[in-house]
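When a ligand or atom number is given, it counts from 1 through the structure's own listing order.
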Amino acid sequence: MDLSRFPRRRYTSFATPLELAPRFSQALAASCPGGVGPRIWVKRDDMLGLFPGGNKTRKLEFLVGDALAQGADTLITCGAPQSNHCRITLSAAVKEGLKCHFVIEERVAGSYSRSASGNNFMFELLGVNSVTVVPGGANMLQAMQKVADEVAAGGGKAYIIPGGGSNAVGGLGYVACAQELQQQFFEQDVQIDRVVVGSGSSGTHGGLLAGFLGNHIRIPIVGIGVSRDPADQEPLVHKEAQAVADLLDVGLQIPREAVVSVGGYWQPKYSIPNAAMVEAVQMLARTEGLLLDPVYTGKIMAGLIGLARQSFFKPDENVLFLHTGGLPSLHAYEDVVLGRTAPAA
Ligand SMILES: *Cc1c(COP(=O)(O)O)cnc(C)c1O
C-alpha cells in the first residue's frame, strides 16, 4: 500500500531485526505438554529510534509528520504515570524543536511522582514543558484541549496526540511495519504461521492487522490484552483497523473475525505485576539476554507462554513475537522482577 503520500518523519534508519530465539524456544518447549512447542521469532521493535524506543516511535513518525505539516509548534499527549508513549513523544518533540506537554491520568491516586525513576525520571531529563495530573476516569481529550487552549492563548499552535498515539494516522506506523516484515520474510526466507502482539490502545494491533490484510499477508494475528479482555478490546481494535484502512482509502473492509485477542494475562490490573509476567521477564533475560518490561511485553510474552502450554500453537509452528519496547519502566519494578517482593497475583 502506498504510504508515501502521508507526511512522515524518520526516527529509525534501519529495519528492526527479525531474530530467532532458539534457547527460549527450547526452554518453552520443555515446559509444554509432551515437551514440544513452537519456534519463537522476535521482531525487535524495542530497537526503534528515539532511544530507548518502542512501538510509539513508529506511530510518531506519522503523527509528528502530520503535526509539522499543520504548522504546530507544540505537542500535547496523555498517558499513565509510567507512560512510554509520553516519554517517546517528548523525545520526538525535543528532536524537532517543539514544545511538549503531558496530561497524566492517575488511575491510582498519588501514583505519579516527578522524582520517580524509569520514564518519570526521563520526563524531567528530557525537559517536559508541563505535566497536568488528572484523576482516573477523567476525560483526557477535554483535559488536553484545555492545555491546547492555553498554548493558543500564548500565541502557540498545539497538536493533540491521543493516548498511545492510536488513531488512524498513528496506525499507519504499523502498516509500515507490516510492509517491513513482508520484505524480511522474503529476504530471510522465513515462513511465519502466527504473530503475537500486545493490544492496549490498539494502534499496534489494529495498524498491523490493516497492514497485513491490505498487503495480502495471510498470517493470523493474536493480540494479548494488556488492560482489557476480548469483549472490550476487540471492538476497539476493529475500529482502529477500519479507521486506518479508511485513511488509506483502498476499499478494505476489516472482517470482525480477523480481530482476535486473548485476555486473562493483564490481571489483576493494568500495570500491576503478576507472577506470569515475572516468569516471562526472567525467562527471556536468562535464555536470550533479551529484556522485557513489566507493564506490557512481560505480560504479552506471558500470554504467548500460556498459549503454548495450552497447545494453542501447533508444535512445528513459527510464531513471531512483536517486542514493542518499554524498557525504562523495568527500573521502576526491580524488586518484583527479581522476586524480592511478591507480585500482586
Ligand atoms: C503502548 C505499548 C504497548 C501497547 O500498544 P498499543 O498500540 O497501545 O496497543 C505495548 N508495548 C509497549 C512497550 C507499549 O509502550
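- When only non-hydrogen protein atoms are considered, atom 8 (O) of ligand 1 lies nearest to S201 OG, 2.5 Å.
- Taking atom 10 (C) of ligand 1 as the reference point, the nearest protein heavy-atom neighbour is T324 OG1, 3.3 Å.
- Following chains of ILVMFWY side-chain contacts shorter than 4.5 Å, one can reach V319 starting from L284, so the two form part of one hydrophobic cluster.
- In this structure, E288 does not pair ionically with R23, as no charged nitrogen and carboxylate oxygen lie closer than 4.0 Å.
- For ligand 1, the atoms lying closer than 4.0 Å to a non-hydrogen atom of K59 are 6 (P), 7 (O), 8 (O).
- Among the atoms of S199, none of the N or O lies under 3.5 angstrom from an N or O of ligand 1.
- Following chains of ILVMFWY side-chain contacts shorter than 4.5 Å, one can reach M277 starting from I305, so the two form part of one hydrophobic cluster.
- At a heavy-atom distance under 4.0 Å, atoms from both the backbone and the side chain of T204 approach ligand 1.
- Between D293 and ligand 1, not a single N/O pair is under 3.5 Å apart.
- Ligand 1 has no nitrogen or oxygen under 3.5 angstrom from a nitrogen or oxygen of I300.
- For ligand 1 and G326, the ligand atoms under 4.0 Å from any heavy atom of the residue are 13 (C).
- D73 pairs by the salt bridge (charged side-chain N to carboxylate O under 4.0 Å, His left out) definition with nothing, not counting sequence neighbours.
- With sequence neighbours left out, the side chain to side chain donor-acceptor pair (under 3.5 Å) criterion links S13 to no other residue.
- With a heavy-atom cut-off of 4.0 Å, K56 touches ligand 1 through its side chain alone.
- Contacts between H85 and ligand 1, counted as non-hydrogen atom pairs separated by less than 4.0 Å, are absent for every part of the residue.
- Heavy-atom contacts of G203 reach the following atoms of ligand 1: 7 (O) (cutoff under 4.0 Å).
- Where the criterion is an N or O separation shorter than 3.5 Å, residue side chain and backbone included, N55 meets it with respect to ligand 1.
- Under 4.0 angstrom from ligand 1, the non-hydrogen atoms of S202 all belong to its backbone.
- A salt bridge does not link K59 with E240: every distance from a Lys NZ or Arg NE/NH1/NH2 to an Asp or Glu carboxylate oxygen is 4.0 Å or more.
- A cation-pi geometry, defined here as NZ or CZ lying under 6.0 Å from the six-membered ring centre and within 45° of its normal, holds between K56 and Y296.
- Using a 4.0 Å cut-off between charged side-chain N and carboxylate O, E234 and R256 make a salt bridge.
- Residue G200 places a heavy atom less than 4.0 Å from ligand 1.
- Look at D193 and K314 and you find no salt bridge, because none of the NZ, NE, NH1 or NH2 atoms lies under 4.0 Å from a carboxylate O.
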